[in-house]
Amino acid sequence: MKVLMVNKFLHPAGGAETYTFKVGEYLKRQGCQVEYFGMDHKENVVGNRWGLYGDPVDFHKKGIFANLVNPFKIVSSPDAREKVKRILEEFQPDIMHLNNFNYQLTPSILEGAEEYRKNKKEKLRIVYTAHDPQLVCPNHYLYQPGTGQVCESCLGGSYMPCIRSRCIHGSFARSCLGALEAWYWKRRKIYGGLDVIICPSEFVKGRLDTDPLLAPKTRVLPNFVRPVTGKKNGKGSYILYFGRYSREKGILTLLDACRELPDIPFVFAGGGPLEDRIQETENIKNAGFLKDRELDQMISGARFTVCPSECNENCPFSVMESIMNGTPVLGAIRGGVPELIRPGKTGWLFPSGDRENLKNMIRKIWDSREPEIFSESCAEVQFDTIEEYGKKLMEVYKGH
């Protein structure tokens with residue numbers, strides 16, 4: 001089987017890239033031929049044999065030239081359309097597996113795929129993994145960064161709320177572009193070319209299903225998790241948060257709770273724009289960004305972890321990795337988080353954004369024996385490995 005993996009970044013940048021690389025590695029182990037298409041970048045770790053990549057587009061770049069040129073590249077990219085079509089003609093894959101592509105590669109790549117299908121009359125199955133609800137929400141978070149509120153106003157297909165609330169980076173101009181991009185491609189019914197949409201959570205499936213064009217194509221396939229190397233031992237001497245230090249992740253609410261619990265030690269592992277606020281809090285140790293073994297050791301040494309997200313998470317790896325390491329999770333009732341936690345078994349749930357409730361629950365759990373008891377239940381939970389996930393993915397590829 002030949003598979004073209006598509007993602008706008010071909011270098012490590014987040015969860016979508018980790019997924020893309022791991023799936024690609026699995027497919028190669030199964031004897032598949034795998035090529036990659038994305039933006040050209042000096043740090044790319046995968047690629048294709050023809051050296052065909054989309055032109056670099058930086059949505060965050062400032063300057064007169066960028067402001068004049070990037071708007072057109074963000075909505076539509078003739079360059080990406082032609083290059084992906086050339087790769088399809090050269091490679092002639094059985095599967096084109098899309099991941100994150102909006103705003104950089106743009107849905108123009110689907111136009112290229114449709115032209116290839118029409119001209120070559122080749123069978124090409126297009127699979128898309130929805131790492132977020134981007135197809136129905138221009139800012140992909142279902143969240144208003146300006147107000148810190150969850151928002152689903154664009155789900156009906158009217159994207160004016162995105163503009164009014166400046167949902168994309170708090171910028172009126174960028175929000176206009178995001179709304180224009182969503183409106184343009186919805187009107188073109190471009191996503192009708194997708195054969196199947198893989199949703200890592202029931203939550204994301206439910207949001208995508210609000211679009212009648214997408215609903216028949218969605219199916220739930222929860223994410224895989226890497227094998228853990230940590231081993232739970234002892235009671236745990238701190239509470240851990242690991243992930244991005246940003247408002248939508250609930251960091252400000254968690255920081256308020258931490259400051260009101262000065263006798264409880266917290267460890268934060270990660271990075272992001274609110275790092276300075278973390279450094280200012282005396283009972284928090286900032287461990288920085290940790291990977292694999294170091295991260296597993298930090299997780300397994302915690303009494304419990306906290307996932308305080310205030311945006312609509314999809315299928316957060318942080319919750320899965322914590323449970324796999326035998327450490328229960330206090331998670332916010334938001335997005336796909338409740339789908340991963342069994343209250344009274346592998347963790348607890350609290351109303352997202354409720355500082356007082358979060359503070360009280362942290363105190364109650366810290367003073368109880370529940371974390372040790374729940375650790376035993378965590379050991380009974382199994383999430384798919386890449387091998388188990390890969391077998392299910394192959395069935396999707398075959399149309400089963």
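The basis for the numbers below is simple: all heavy atoms, side chains too, and nothing from hydrogens, waters or symmetry mates. Numbering of residues begins at 1 and proceeds along the displayed sequence. Fair warning: this is a prediction, and the values are worked out from it, not measured in the lab.
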Can you measure from [atom1] ([X]) to [atom2] ([Y]) and round to the nearest 0.5 angstrom?
X: I323; Y: S318; atom1: CD1; atom2: OG; value: 9.5 Å
X: T385; Y: E388; atom1: OG1; atom2: CD; value: 3.5 Å
X: L252; Y: R355; atom1: CG; atom2: CZ; value: 12.0 Å
X: F350; Y: N357; atom1: CZ; atom2: CG; value: 7.5 Å
X: Y128; Y: Q134; atom1: OH; atom2: CD; value: 6.5 Å
X: Q144; Y: I168; atom1: CD; atom2: CD1; value: 12.5 Å

Over all atoms of both residues, closest heavy-atom pair of [X] and [Y]:
X: A113; Y: M96; value: CB-SD, 3.8 Å
X: Y116; Y: Q92; value: OH-CA, 3.4 Å
X: N312; Y: G335; value: OD1-N, 3.4 Å
X: C167; Y: N139; value: O-ND2, 3.2 Å
X: I333; Y: S352; value: O-CB, 3.9 Å
X: I109; Y: F37; value: CG2-CE2, 4.1 Å

Determine whether a donor-acceptor pair (N or O, by modelled atom type, separation under 3.5 Å) exists between the side chain of [X] and the backbone of [Y].
X: E35; Y: R49; value: yes
X: K359; Y: E260; value: no
X: R125; Y: V396; value: yes
X: D40; Y: D55; value: no
X: D79; Y: K83; value: no
X: T210; Y: G206; value: no
X: H169; Y: S171; value: no
X: R207; Y: L142; value: no
X: N44; Y: M39; value: yes
X: Y245; Y: G270; value: yes

Do the non-hydrogen side-chain atoms of [X] and [Y] ever get within less than 4.5 Å of each other?
X: H140; Y: N102; answer: no
X: E90; Y: N48; answer: no
X: D263; Y: R363; answer: yes
X: F317; Y: R226; answer: no
X: L27; Y: M5; answer: yes
X: Y103; Y: S77; answer: no

Name the residue from R188, K189, K85 that meets the salt bridge (charged side-chain N to carboxylate O under 4.0 Å, His left out) definition with E111.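 The passing option is R188.
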R259 atom CZ, over 12 foreign heavy atoms within 6.0 Å: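 Yes, because the 6.0 Å sphere around CZ of R259 holds more than 12 heavy atoms from other groups.
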Do [X] and [Y] share a hydrophobic cluster, counting only Ile, Leu, Val, Met, Phe, Trp and Tyr and linking them when any side-chain heavy atoms are less than 4.5 Å apart?
X: I239; Y: I251; result: yes
X: L194; Y: V127; result: no
X: M1; Y: Y26; result: yes
X: L330; Y: V337; result: no
X: I373; Y: I362; result: yes

Can you list the steps and then say if M394 with C32 is a side-chain contact (heavy atoms from CB on, under 4.5 Å)? CA-CA 11 Å; M394 292 296 280; C32 298; 4.2 Å; yes
Under a 3.5 Å threshold, yes or no: a donor from one side chain and an acceptor from the other, between N325 and S300?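 Result is no, nothing qualifies.
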Side chains of D211 and Y191: donor-acceptor distance under 3.5 Å anywhere?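 Short answer, no.
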Indicate, with yes or no, if the rings of Y397 and H97 have centres closer together than 6.0 Å.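 Close enough - the centres of the two rings lie under 6.0 Å apart.
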Identify whether the distance between the nearest side-chain nitrogen and carboxylate oxygen of E114 and R117 falls below 4.0 Å.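 Looking at E114 and R117, the cut-off is met.
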Go through the steps for R303 and E372 under the test salt bridge (charged side-chain N to carboxylate O under 4.0 Å, His left out), then give the verdict. CA-CA 8 Å; R303 188 155 170 74; E372 299 100 277; 2.7 Å; yes
Check against side-chain hydrogen bond (donor to acceptor under 3.5 Å, both in side chains), Y19 and T129: CA-CA 10 Å; Y19 173 94; T129 297; 2.9 Å; yes
T327 and side-chain contact (heavy atoms from CB on, under 4.5 Å): which single residue from S375, S322, C378 fits?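 In the set S375, S322, C378, the residue that makes a side-chain contact (heavy atoms from CB on, under 4.5 Å) with T327 is S322.
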Listed by chain and number, what are the side-chain contact (heavy atoms from CB on, under 4.5 Å) partners of N7, not counting sequence neighbours?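 Partners of N7 by the side-chain contact (heavy atoms from CB on, under 4.5 Å) criterion, ordered by chain and then number, come out as F9, A16, E17, T20, N99, N100.
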Please say which of W348, Y241, F266 ends up in a ring pair (Phe, Tyr, Trp, His ring centres under 6.0 Å) with F304.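 With F304 as partner, ring pair (Phe, Tyr, Trp, His ring centres under 6.0 Å) holds for just one option, W348.
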Intermediate values then yes/no, side-chain hydrogen bond (donor to acceptor under 3.5 Å, both in side chains), S108 and S76: CA-CA 6 Å; S108 296; S76 177; 3.2 Å; yes
What's the verdict on salt bridge (charged side-chain N to carboxylate O under 4.0 Å, His left out) for E202 and K205, showing C-alpha distance, side-chain angles and the deciding distance? CA-CA 5 Å; E202 290 285 354; K205 182 183 188 304; 5.7 Å; no
